[in-house]
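Read through the structure below, which is laid out as structure tokens, and then see the notes.
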Amino acid sequence: MKNDTIKITKTEVLSDNWYTLHKVTYEYLNKTGEWETHAREAYDRGNGAVILLYNTANKKIILTRQFRLPTYINGNESGMMIEACAGLLDQDNPEDCIKKETEEETGYKITKVEKIFETYMSPGSVTEILYFFIAEYSKEMKIADGGGIAEEQENIEVLELDFDKAFEMMYSGEIKDAKTIMLLQYAKIHNLA
């Protein structure tokens, strides 16, 4: 449904280095019926997909650990983040993307995934929609070490954790990544691991 209370009047590219940062000027019809001029920045990094790999029988999950510069800048002394496997869609659909990312990052080749929801992670400043998936894994699905793609400068550590331990790590602050916390809570509510 088109929003008739918004009229974009100008879009400027402030940066097109790694992703694209736009400054958008728009008119907004407020609740008193007056048009206001607003200017905001929006960061476009593309859409992405994320997955929680779980093993119900062993009560284990697969997560990753990697360096994240923004967290380092904002006080995370090591800059290392424990996260669910994720990646940008690029030209793929969400399901194909997450299967490919799972194999590249974790070394597990999965064929069946279940989409559970999609969400904007930071709608005040980032355009990205993130598609959330879950999939059951077994040791037979492990076909490589994982760790990411060298050409993309990925240095990813693969972690197989007891689900209860991972869930506790949210409360201890060892896991601070929003998408991972959402997936862990989903797994807890649905008794996946």
Side-chain angles (χ1 to χ4, degrees), residues 1-52 63-64 66-102 104-105 113-134 148-149 152-154 156 170-171 173 175-190:
M1 180 166 93
K2 185 168 177 358
N3 186 341
D4 294 327
T5 65
I6 302 291
K7 296 178 190 173
I8 294 178
T9 58
K10 185 177 183 183
T11 301
E12 303 168 73
V13 175
L14 299 181
S15 174
D16 193 15
N17 186 13
W18 188 253
Y19 302 116
T20 306
L21 179 62
H22 290 105
K23 179 179 180 184
V24 179
T25 305
Y26 60 96
E27 300 293 319
Y28 176 77
L29 183 63
N30 68 25
K31 57 186 168 189
T32 65
E34 297 177 43
W35 288 95
E36 301 172 345
T37 300
H38 294 208
R40 301 289 187 270
E41 294 175 5
Y43 195 53
D44 185 357
R45 60 184 307 273
N47 295 327
V50 60
I51 192 165
L52 181 67
L63 296 177
T64 64
Q66 61 184 306
F67 178 76
R68 297 297 196 184
L69 177 64
T71 73
Y72 183 77
I73 292 169
N74 196 30
N76 177 359
E77 290 181 6
S78 71
M80 301 302 286
M81 292 289 288
I82 297 173
E83 306 175 31
C85 171
L88 293 176
L89 299 186
D90 298 321
Q91 302 303 314
D92 292 329
N93 66 53
E95 186 174 311
D96 290 341
C97 167
I98 203 57
K99 288 177 182 176
K100 180 179 73 173
E101 288 292 332
T102 299
E104 290 172 0
E105 290 190 8
V113 297
E114 179 185 345
K115 180 183 168 198
I116 53 174
F117 49 80
E118 58 190 69
T119 184
Y120 288 98
M121 293 300 291
S122 188
S125 60
V126 181
T127 61
E128 178 187 37
I129 293 174
L130 194 56
Y131 299 89
F132 284 72
F133 292 89
I134 55 172
I149 300 198
E152 295 180 12
Q153 298 178 315
E154 293 181 319
I156 299 169
M170 292 185 325
Y171 296 103
I175 295 177
K176 292 183 179 180
D177 176 64
K179 64 188 179 297
T180 305
I181 291 170
M182 292 166 73
L183 284 166
L184 290 172
Q185 290 174 338
Y186 180 91
K188 183 77 159 179
I189 290 167
H190 293 88

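None of these values were measured; they are calculated from a predicted model. Any value given below was found using the heavy atoms of this structure, including those in side chains, with hydrogens, waters and symmetry copies removed.
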CZ/F67: more than 12 non-hydrogen atoms of other groups inside 6.0 Å
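Buried by this count: over 12 neighbours within 6.0 Å.
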Does OH in Y19 sit with more than 12 non-hydrogen atoms of other residues, nucleotides or ligands closer than 6.0 Å?
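Yes.
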Is there a side-chain contact between [X] and [Y] in this structure, where contact means two heavy atoms from C-beta onward sitting under 4.5 Å apart?
X: I116; Y: L183; result: yes
X: V24; Y: I8; result: yes
X: V50; Y: M182; result: no
X: L52; Y: L63; result: yes

Check step by step if side-chain contact (heavy atoms from CB on, under 4.5 Å) holds for M121 and V126.
CA-CA 8 Å; M121 293 300 291; V126 181; over 6 Å; no
Do the rings of Y28 and H38 sit parallel, tilted or perpendicular, given the 30° and 60° boundaries?
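Answer is tilted, since the angle falls between 30° and 60°.
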Flag, side chain of N3 to backbone of T5, donor-acceptor distance under 3.5 Å:
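Looks like yes, one N/O pair under 3.5 Å.
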Counting distance only, does the side-chain N/O of T25 pair as donor-acceptor with the main-chain N or O of A39 below 3.5 Å?
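Here the side-chain-to-backbone pair does not exist.
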Please round to the nearest 0.5 Å and tell me the distance separating atom [atom1] of [X] and atom [atom2] of [Y].
X: L88; Y: E101; atom1: CG; atom2: CD; value: 7.5 Å
X: K176; Y: R68; atom1: NZ; atom2: CZ; value: 15.5 Å
X: Y186; Y: F132; atom1: OH; atom2: CZ; value: 12.0 Å
X: I82; Y: M170; atom1: CD1; atom2: CE; value: 12.5 Å
X: T64; Y: I156; atom1: OG1; atom2: CD1; value: 6.0 Å
X: T102; Y: I51; atom1: OG1; atom2: CD1; value: 4.5 Å

Only distances under 3.5 Å count here; give the side-chain donor-acceptor pairs of residues 10-17 to other protein atoms, sequence neighbours excluded, each with its distance to 0.1 Å.
from, atom 1, to, atom 2, distance (Å)
D16, OD1, T20, OG1, 2.9

Which residues pass the side-chain hydrogen bond (donor to acceptor under 3.5 Å, both in side chains) test with N93, sequence neighbours left out?
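D96.
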Suppose we screen for salt bridge (charged side-chain N to carboxylate O under 4.0 Å, His left out). Which residues come up paired with K179, at least two apart in sequence or across chains?
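Here the qualifying residues are E83, D177.
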Among D90, D92, N47, exactly one meets side-chain contact (heavy atoms from CB on, under 4.5 Å) together with C97. Which residue is that?
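Exactly one candidate clears the test, D92.
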Under the criterion side-chain contact (heavy atoms from CB on, under 4.5 Å), I'd like the reasoning laid out for Y26 against R40: C-alpha separation, chi angles, the key distance, then a yes or no.
CA-CA 8 Å; Y26 60 96; R40 301 289 187 270; 3.7 Å; yes
